[in-house]
There are 2 protein chains.
Amino acid sequence: MPIDALRRIRRFNRAVTAEVGALDTSFLGRGRPLGAARVLNAIGHGRGEVGSIRDYLGLDSGLLSRLLRGLEEEGLVVTLPHPADARRRVAALTEAGRQEFAAYEALSNDRAAALLARCPKGDELLRAMDLVATALGRERITVEETDPRSEAALHCLTAYYAELGRRLATGFDVSLSRDPEAADMMRPRGAFLVALSDGLPIGCVGLKGKGLEVAEIKRLWVCPSARGLGLARRLMERAEAAARDLGITTLRLDTNSALPEALHLYRRTGWVEIARFNDDPYPDHFFEKRL
Amino acid sequence: MPIDALRRIRRFNRAVTAEVGALDTSFLGRGRPLGAARVLNAIGHGRGEVGSIRDYLGLDSGLLSRLLRGLEEEGLVVTLPHPADARRRVAALTEAGRQEFAAYEALSNDRAAALLARCPKGDELLRAMDLVATALGRERITVEETDPRSEAALHCLTAYYAELGRRLATGFDVSLSRDPEAADMMRPRGAFLVALSDGLPIGCVGLKGKGLEVAEIKRLWVCPSARGLGLARRLMERAEAAARDLGITTLRLDTNSALPEALHLYRRTGWVEIARFNDDPYPDHFFEKRL
DNA sequence: CGGATTTCCTGACTTAAGTCAGAAATATGC
DNA sequence: GCATATTTCTGACTTAAGTCAGGAAATCCG
C-alpha cells in the first residue's frame with residue numbers, strides 16, 4: 001500500500017467534507033433543525049412508512065416520532081395508518097409540505113449547479129464523481145426489474161446504442177437491428193433488469209422471450225464508471241434467474257467482437273459458442289447456455 | 001444545465017456523505033466526543049496557536065477554550081503563552097497526546113486503506129478522487145516558496161521528469177539537461193514555488209538565478225488532475241513576482257513543442273520567442289519576457 | 001379467544017454543541 | 001502613563017440530538 005495513496009484519499013475526504021458541510025448549512029437556512037429537514041426530505045423522496053424512514057436515517061424510534069409530531073404541527077406532514085396493517089403508519093406531505101420539500105430540492109440543485117459552474121472542466125469532473133460515487137456506493141447497487149420503456153431503462157438503452165455506435169466500425173442503427181418489442185422483455189414472456197446506484201441507472205440487461213423454452217439475452221450494458229465491479233456478471237445472473245423462473249431452459253445471445261469484455265464474460269460463465277441463428281447485420285458471435 | 005448533471009452530483013454527495021459519516025463514527029470509538037477529537041487532531045497536524053485552531057475548525061472562542069481544558073485534564077495537551085505575545089496561547093501535545101493522535105491517524109489511514117482495498121480499480125479511483133478533490137478545494141490551493149530539495153518539491157519534480165519522459169519523442173534524462181543547482185533556485189539567487197491543495201503538492205515552478213539581472217524559469221509543472229484550473233498561470237505570476245522582488249529585470253525560458261499547452265500559455269502572457277540561448281538537447285523553443 | 005409480538009408513541013432523561021456577556025491579562029498607540 | 005484594543009477564559013445559558021423504559025393499539029398464531 002503506497003503511503004501516498006492514503007494521503008490522497010484523506011485529502012479527498014477533507015475536500016468533500018467541506019462541500020457536504022456547506023450543503024448542510026444551507027439546509028439550515030430554512031429555520032428548521034437538520035434532523036427535521038432530513039425527515040421531510042426522506043418523505044418527499046417517497047419514503048412514506050415510518051419504519052423505512054427510521055432505517056434510512058438511522059434514527060431512534062422515539063426521536064423520529066417526535067420529529068414527525070413537529071412536522072405535523074408545522075402543517076407539513078400528515079400521518080395515517082398503513083392500509084394493510086394499522087400498527088404501522090405512513091407519512092405523507094401536505095400541500096405546504098410539498099412546497100417546503102420543493103424549496104429544499106431547489107437549494108440542493110442550486111448548490112450542485114454552482115459547483116459545476118465554478119469548475120471549468122465540468123464534464124471530466126462529473127465523470128470522476130460518477131466513478132467515485134459508484135465505487136463508494138458499491139454495496140448499495142440494486143438490480144431491479146422494470147418496464148423496458150421506463151425512464152431508467154431508456155437512459156441505459158440510449159447510452160448503450162451510443163456506445164455501440166462508437167465502438168462498431170460500421171456504426172450502429174437501432175432500426176436495422178432486431179429491436180425487441182417491449183412486451184417481449186416483460187412478464188410473462190421476458191424481463192428487463194436495471195442496476196441502480198442511489199437511484200441512478202448504471203446498467204441493464206434484457207431477457208427477450210416468445211413464450212417458448214428458448215429465449216434471448218439482449219442489451220447487456222454497464223456504464224463506464226461502473227465497469228470492473230462485476231456488475232455485468234451480476235446482471236447476467238439475475239437475468240438467468242428470471243429465465244429459470246419463467247420456465248425457460250435455453251438462452252441464446254449474439255454479440256460483436258468489437259466488445260471483447262463481453263465475449264470474455266460469456267466464455268467464463270458457461271456460455272458456448274454456436275452457429276449464427278439470425279440475420280441481424282451487427283453480431284458476429286453467437287452463444288448458447290442451457291439452464 | 002443538463003438536469004442529469006444535478007442528479008449525478010447529488011448521488012455523489014450521498015455516496016460521499018455515507019463514507020465521511022463512517023469515518024466520524026470510527027473516531028468516536030476512542031471514547032471522546034468528535035469536537036475534542038477534532039481539536040486534538042488539529043494540534044497534531046501542527047496547528048498550535050489557539051486562534052488558528054479556532055479559524056480552522058470554525059469554533060466559538062468559549063467552546064474551544066473548554067475543549068482545550070478538557071484535553072488538558074486528560075493529560076493530552078499543554079498550553080503555553082506565545083513567546084512573542086503573551087495574550088495568545090499555543091497548544092502542544094504531551095507524550096500521551098502524541099500517542100492518542102497517532103491512534104487517530106491510524107484509524108484514518110485504516111479507513112482509507114480499506115476503501116482502496118475493497119475497490120478493484122484502485123488506481124483509476126484515486127485519479128478520480130484527485131480530480132474531485134482539486135476541483136472542490138480550488139479556493140484552498142496555496143502557492144508556497146520552498147527548498148527545491150523538500151519532499152513536496154521532489155514529489156513534483158519526479159512527476160515532471162516522468163511526464164517529460166513520456167511526452168518527448170526522445171525520452172528524457174535529467175542528467176543530460178542542465179539541472180540547476182538547488183542553490184540557484186533559492187533566495188537570494190532564485191526561488192522555488194510549490195502549489196499545495198490541502199497539503200498535497202500539485203504543481204511547481206523554479207526561478208533559477210545567478211545573481212544577475214537575467215534569470216530563467218525552469219520546471220513548470222501542474223499535476224494532470226489539476227489542469228484547466230489556471231494554476232500554471234498562477235504559478236508563473238508568483239514566479240515573476242518573486243523575480244521582481246529579487247531585482248531581476250529579464251526572464252528567459254526554454255521549452256519543447258511536445259508541450260503545446262505551455263507554448264500557448266507563454267504566448268498569451270507576454271513572452272516573446274527568441275533565438276536559442278543554450279545548448280541543452282531537449283528544448284526547441286526559447287522565450288524571453290521583460291519585467 | 002387470548003397470550004405473544006410488532007409498531008409506534010410518550011415521558012424522563014443525558015450528552016454534545018453552540019451562544020453570549022463579561023472578566024482578566026496583555027499589547028498598542030498617543 | 002493611560003485609554004483602547006486584542007486574546008483567551010469562565011459562567012450561565014439554549015438548542016439539537018440521542019437514549020431508554022414502558023405503554024397503547026393492532027396483529028399473529030395456536
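Each chain gets a letter, A, B and so on, in the order its sequence line appears, and its residues count up from 1. All values derive from a computational prediction rather than experimental measurement.
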Starting at [atom1] of [X] and ending at [atom2] of [N], how long is that distance when rounded to a whole Å?
X: B:Leu71; N: D:dT8; atom1: CG; atom2: P; result: 16 Å
X: A:Leu67; N: C:dT10; atom1: CG; atom2: C1'; result: 14 Å
X: B:Asp85; N: C:dG29; atom1: CG; atom2: P; result: 12 Å
X: A:Leu64; N: C:dG11; atom1: CG; atom2: P; result: 17 Å
X: B:Arg69; N: C:dA17; atom1: CZ; atom2: C1'; result: 18 Å
X: A:Leu28; N: C:dA17; atom1: CG; atom2: P; result: 16 Å

Which residues pass the salt bridge (Lys or Arg N to Asp or Glu O under 4.0 Å) test with B:Glu19, not counting sequence neighbours?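 Per chain and number, B:Glu19 pairs via salt bridge (Lys or Arg N to Asp or Glu O under 4.0 Å) with B:Arg111, B:Arg118.
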Considering only nitrogen or oxygen atoms on both sides, find all protein atoms under 3.5 Å from nucleotides 18-25 of chain D and state each distance.
| unit_1 | atom_1 | unit_2 | atom_2 | d |
| --- | --- | --- | --- | --- |
| D:dT19 | O4 | A:Arg66 | NH2 | 3.2 |

Starting the side chain at C-beta, find the nucleotide from D:dT27, D:dA17, C:dA17 nearest to A:Pro33.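 Among D:dT27, D:dA17, C:dA17, the one nearest the side chain of A:Pro33 is D:dA17.
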Of the listed nucleotides C:dC8, C:dT26, D:dC9, the one nearest the side chain of A:Arg89: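 Nucleotide nearest to A:Arg89's side chain: C:dC8.
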Just so I know, are the side chains of [X] and [Y] near enough to count as touching, which here means a heavy-atom distance under 4.5 Å?
X: B:Arg89; Y: B:Leu68; result: no
X: B:Leu63; Y: B:Arg54; result: no
X: A:Leu59; Y: A:Val39; result: yes
X: A:Leu93; Y: A:Gln99; result: no

Supply the atom-to-atom distance B:Met185 CE to B:Cys204 SG, rounded to the nearest 0.5 angstrom.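 Nearest 0.5 Å value for the CE-SG distance: 8.5 Å.
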Lys/Arg-Asp/Glu bridge criterion (N-O < 4.0 Å) met for B:Arg127, B:Glu124: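 Salt bridge: no.
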Assess whether a salt bridge exists between B:Glu95 and B:Arg98, defined as any Lys/Arg side-chain N lying under 4.0 Å from an Asp/Glu carboxylate O. yes
Give every donor-acceptor pair under 3.5 Å between a side-chain atom in residues 44-51 of chain A and any protein atom, sequence neighbours left out.
| unit_1 | atom_1 | unit_2 | atom_2 | d |
| --- | --- | --- | --- | --- |
| A:His45 | ND1 | A:Asn41 | O | 3.1 |
| A:His45 | NE2 | A:Glu105 | OE2 | 3.2 |
| A:Glu49 | OE1 | A:Arg88 | NH1 | 3.0 |
| A:Glu49 | OE2 | A:His82 | NE2 | 3.4 |

Taking only side-chain N and O atoms of A:Arg88, does any of them lie within less than 4.0 angstrom of OP1 or OP2 on D:dA26? no
So B:Phe12 and A:Phe12, would you call those rings parallel, tilted or perpendicular, with 30° and 60° as cut-offs?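 The rings of B:Phe12 and A:Phe12 stand perpendicular, inter-plane angle above 60°.
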Quick check on contacts: within residues 76-84 of chain A, what sits under 4.0 Å from DNA chain C by heavy-atom distance? none
At a heavy-atom distance below 4.0 Å, what parts of residues 47-56 of chain A sit against DNA chain C? A:Val50, A:Gly51, A:Arg54
Applying salt bridge (Lys or Arg N to Asp or Glu O under 4.0 Å) as the test, list every pair that has at least one member in residues 67-79 of chain A; sequence neighbours left out. A:Arg32-A:Glu74, A:Arg69-A:Glu72
